[in-house]
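To start, the structure under review is shown below, and the notes come after it.
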Amino acid sequence: MRLLDTIRGPRDLDALSDDQVEELAREIREVLVADVSKTGGHLGPNLGVVELTLAIHRVFDSPRDPIIFDTGHQSYVHKLLTGRKDFSTLRQTGGLAGYPQRSESEHDVVESSHASSSLSWADGISKAFEMTGQGDRHVVAVVGDGALTGGMTWEALNNISDDNTRNLVVVVNDNGRSYAPTIGGMARFLNSVRTKQSYRSLHLKSRSAFDRLGSPGRAIYRGVRGGLHGFLSRVSGNEALYSNLDIKYIGPIDGHDERALEAALRQAKDYGAPVIVHAITEKGRGYEPARRDAADQFHAVGQIDPETGESLVTASAPSWTSVFADELVTLAERDERLVGITAAMLRPTGLHRMAERFPNRVFDVGIAEQHAVTSAAGLAFGGLHPVVAVYATFINRAFDQVLMDVALHRAGVTFVLDRAGVTGPDGPSHHGVWDLSILQVVPGIRLAAPRDSVRLAEELAEAVRVGDAPTVLRFPKGTVGTEYDAIRRTHDGVDVLAESERRDVLIVTVGPMAGIGLEVARKLEAQGIGATVVDPRWVVPVPESVVSLAGEYRIVVSIEDGIRVGGIGTRIRQDLREAGVDTAVTEVGLPDEFLDHGSRGDILERVGLTPQHIARDVTAMVLGSKLPHARNAGIDVPTSSGAQPRV
Ligand SMILES: Cc1ncc(C[n+]2csc(CCOP(=O)(O)OP(=O)(O)O)c2C)c(N)n1
Ligand SMILES: CC(=O)[C@@H](O)[C@H](O)COP(=O)(O)O
Ligand SMILES: [Mg+2]
């Protein structure tokens with residue numbers, strides 16, 4: 001039996017000897033590589049926190065001492081140590097979540113995968129403990145060097161430093177990388193610690209001296225190491241950054257030396273005030289293919305060959321991201337005003353291609369979306385046209401900057417939102433389902449949803465030509481689908497994809513929902529219900545011809561991969577009513593709920609965003625029966641004029 005099989009919870013770790021802890025670390029790495037290579041997931045980050053997580057769970061008493069994982073993608077080891085051993089269903093429908101999830105365990109606290117929030121969580125929890133007579137409980141926040149580039153962490157540190165009576169331990173998991181090497185002054189500070197000759201040489205010399213004494217020497221070394229690191233940090237003046245914040249700093253600690261970590265964490269636990277423990281770790285530790293991966297050390301992998309690390313995923317078509325990446329380079333070659341901005345996701349958003357071609361025209365600002373957006377407003381003020389490329393879910397964080405720094409000043413900034421719509425395996429905080437609703441309230445904004453790669457190229461070229469308003473392009477995760485050519489295009493750019501003689505149903509599709517809309521139309525036509533399908537391409541503001549066309553039909557059906565509440569459908573309905581058009585409107589989209597992880601197909605099926613569900617509901621409406629209220633289909637029939645749907 002494996003040692004790991006005997007660990008039912010963190011308290012089973014207490015009795016392990018040093019050698020058993022090392023054996024357990026080895027077994028955990030074997031499990032991570034064996035299981036995650038089959039399911040896909042955050043292999044590199046989790047291989048880097050094996051000893052760190054073991055030490056935290058041996059020193060602190062979770063869940064009494066809550067452990068907060070920033071971003072949460074590095075919580076697999078935590079899950080293995082808290083009773084969740086079956087990773088064969090990782091990130092799959094109904095399976096283990098890829099992030100902490102309270103419904104899985106009392107040991108899980110923060111479920112959001114949006115980075116840089118852990119210290120604020122820890123600040124609040126520790127304050128609450130202190131104010132409710134639970135001041136003896138410790139709160140531990142594990143924050144990566146990448147997450148430290150996010151502004152929230154500094155807002156939290158500013159507050160934490162104000163009250164030095166709380167049992168709050170911040171463990172900096174410093175592997176020097178977000179996806180790519182972490183950027184900025186914070187990274188330079190942390191890197192200086194890691195590479196400080198005084199730290200490195202003294203550390204290495206002391207270790208080899210004790211090693212020569214054999215196991216007794218190694219035991220002694222481990223005993224004094226905590227103090228040694230403390231000495232080193234004073235020698236190298238590393239604690240300056242934090243001690244000026246009046247926060248105790250312990251480190252740097254070798255993040256793969258479990259005993260040294262324990263010594264530092266015990267010191268931190270007994271300190272009785274906020275402490276930062278700085279652990280130097282390696283993403284992908286213990287697995288050569290990850291360690292060798294120059295791109296991102298297997299930050300997030302698909303299915304891979306566990307022996308070689310080679311990807312087993314074959315793409316049937318180019319990804320939306322790669323189409324965008326190539327188109328942007330083409331545009332940048334023609335327009336020197338174009339610059340790119342990424343929030344620590346250069347390769348995931350495709351900006352790496354522009355960076356390779358124009359290294360001085362792409363800026364990685366760290367995990368700092370708010371800064372990225374307002375900096376873009378500044379770049380536009382200076383005469384450039386920034387293209388801010390982020391995942392759709394992360395633009396949520398910078399809404400105020402889009403509104404008050406870009407739109408208020410009518411700045412020509414283009415936002416490219418990748419992973420828009422239901423993404424799938426990364427769960428509720430990663431679906432890009434809010435952008436259509438929150439951005440459409442921004443005055444002057446223009447929002448496009450390309451239905452295929454041809455329209456992506458076309459609409460990106462149109463977007464970067466707009467110099468007096470924010471423009472937005474949003475497209476989904478994965479590979480581009482079928483190209484849908486238009487039968488005709490209206491004067492204001494609406495593509496008619498299918499047209500029926502009978503003016504029964506007008507289907508207005510947003511982006512790649514065009515495919516579903518055409519399938520719905522085919523199903524309706526098969527029942528003798530006339531259906532026309534149009535793709536506005538630019539969905540905000542709603543083009544006038546959508547409104548005028550709607551007046552010729554009995555029902556308008558909008559279909560979008562975004563929450564229905566406040567979505568494009570509600571905007572169409574409002575524009576129709578304001579134009580005096582009383583055609584019934586059926587808005588099809590996602591429920592305004594948090595959607596658990598799973599495959600995109602399973603999720604769309606579950607919420608009824610499929611041709612079958614939509615055609616059934618619309619048929620029932622047209623034939624006059626009461627619609628079965630599918631969760632995601634809101635039916636709006638104008639009641640003010642007493643009009644009934646013209647069915
Ligand atoms: C607000 C936000 N922006 C971007 C991301 C995408 N993202 C996920 S993990 C990651 C890098 C995190 O780096 P770090 O905190 O150092 O953790 P590591 O992966 O190195 O353990 C990024 C940018 C995110 N989760 N949240
Ligand atoms: C944790 C995080 O925010 C990302 O690493 C996320 O997993 C993105 O996944 P994809 O790039 O595969 O969509
Ligand atoms: Mg990192």
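Predicted model, so just to flag it, every value in this text is computed and none were measured. Below, all heavy atoms of this structure are taken into account, side chains as well, without hydrogens, waters or symmetry copies. Counting starts at 1 for both ligands and their atoms, in listed order.
- Here Thr610 contributes atom OG1 and Leu604 contributes atom CG; the two are 8.5 Å apart, rounded to the nearest 0.5 Å.
- Side chain of Asp174 to main chain of Ile280: no donor-acceptor pair is present (N/O by atom type, distance under 3.5 Å, no hydrogens or angles).
- Protein contacts to the Mg ion (ligand 3) involving N, O or S atoms at a distance below 2.8 Å are Asp145 OD1, Asn175 OD1, Arg177 O.
- One side chain, Ser113 or Ser429, offers a donor N or O that lies under 3.5 Å from an acceptor on the other.
- By the side-chain hydrogen bond (donor to acceptor under 3.5 Å, both in side chains) test, Asp305 pairs with no residue at all, sequence neighbours left out.
- At distances below 3.5 Å, at least one donor-acceptor pair connects side-chain atoms of Lys79 with backbone N or O atoms of Ala97.
- Between Pro476 and Pro512, some side-chain heavy-atom pair lies under the 4.5 Å cut-off.
- In this structure, the side chain of His138 does not engage the main chain of Phe60 through any donor-acceptor pair within 3.5 Å.
- At a threshold of 4.5 Å between non-hydrogen side-chain atoms, the residues Arg84 and His78 count as touching.
- Near ligand 1, residues Pro45, Thr71, His73, Ser113, His114, Ala115, Gly144, Asp145, Gly146, Ala147, Asn173, Asn175, Arg177, Ser178, Tyr179, Lys283, His299, Ala344, Met345, Ile367, Glu369, Phe394, Arg397 each place a heavy atom inside the 4.0 Å sphere around the ligand atoms.
- To the nearest 0.5 Å, atom CD1 of residue Ile367 and atom NE2 of residue His114 are 11.5 Å apart.
- Side-chain rings of Phe394 and His430 approach one another, their centers coming within less than 6.0 Å.
- A salt bridge does not link Asp145 with Arg177: every distance from a Lys NZ or Arg NE/NH1/NH2 to an Asp or Glu carboxylate oxygen is 4.0 Å or more.
- Exactly one of Ile438, Leu439, Val472, Val388 qualifies for a side chain to side chain contact (heavy atoms under 4.5 Å, CB included) with Val402. That residue is Leu439.
- Considering Arg600, Met513, Glu560 in turn, Met513 is the only one that fulfils the side chain to side chain contact (heavy atoms under 4.5 Å, CB included) rule with Leu609.
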Hey, what polar pairs (N/O, under 3.5 Å) does ligand 2 make with protein?
from	atom 1	to	atom 2	distance (Å)
ligand 2	3 (O)	His430	NE2	2.7
ligand 2	5 (O)	His42	NE2	3.0
ligand 2	5 (O)	Tyr179	OH	2.7
ligand 2	5 (O)	His299	NE2	3.0
ligand 2	7 (O)	His42	NE2	2.9
ligand 2	7 (O)	Asp426	OD1	3.0
ligand 2	7 (O)	Asp426	OD2	3.4
ligand 2	9 (O)	Asp426	OD2	3.3
ligand 2	11 (O)	Tyr391	OH	2.6
ligand 2	11 (O)	Arg419	NH2	2.9
ligand 2	12 (O)	Lys477	NZ	3.2
ligand 2	13 (O)	Arg419	NE	2.9
ligand 2	13 (O)	Arg419	NH2	3.4
ligand 2	13 (O)	Lys477	NZ	3.0

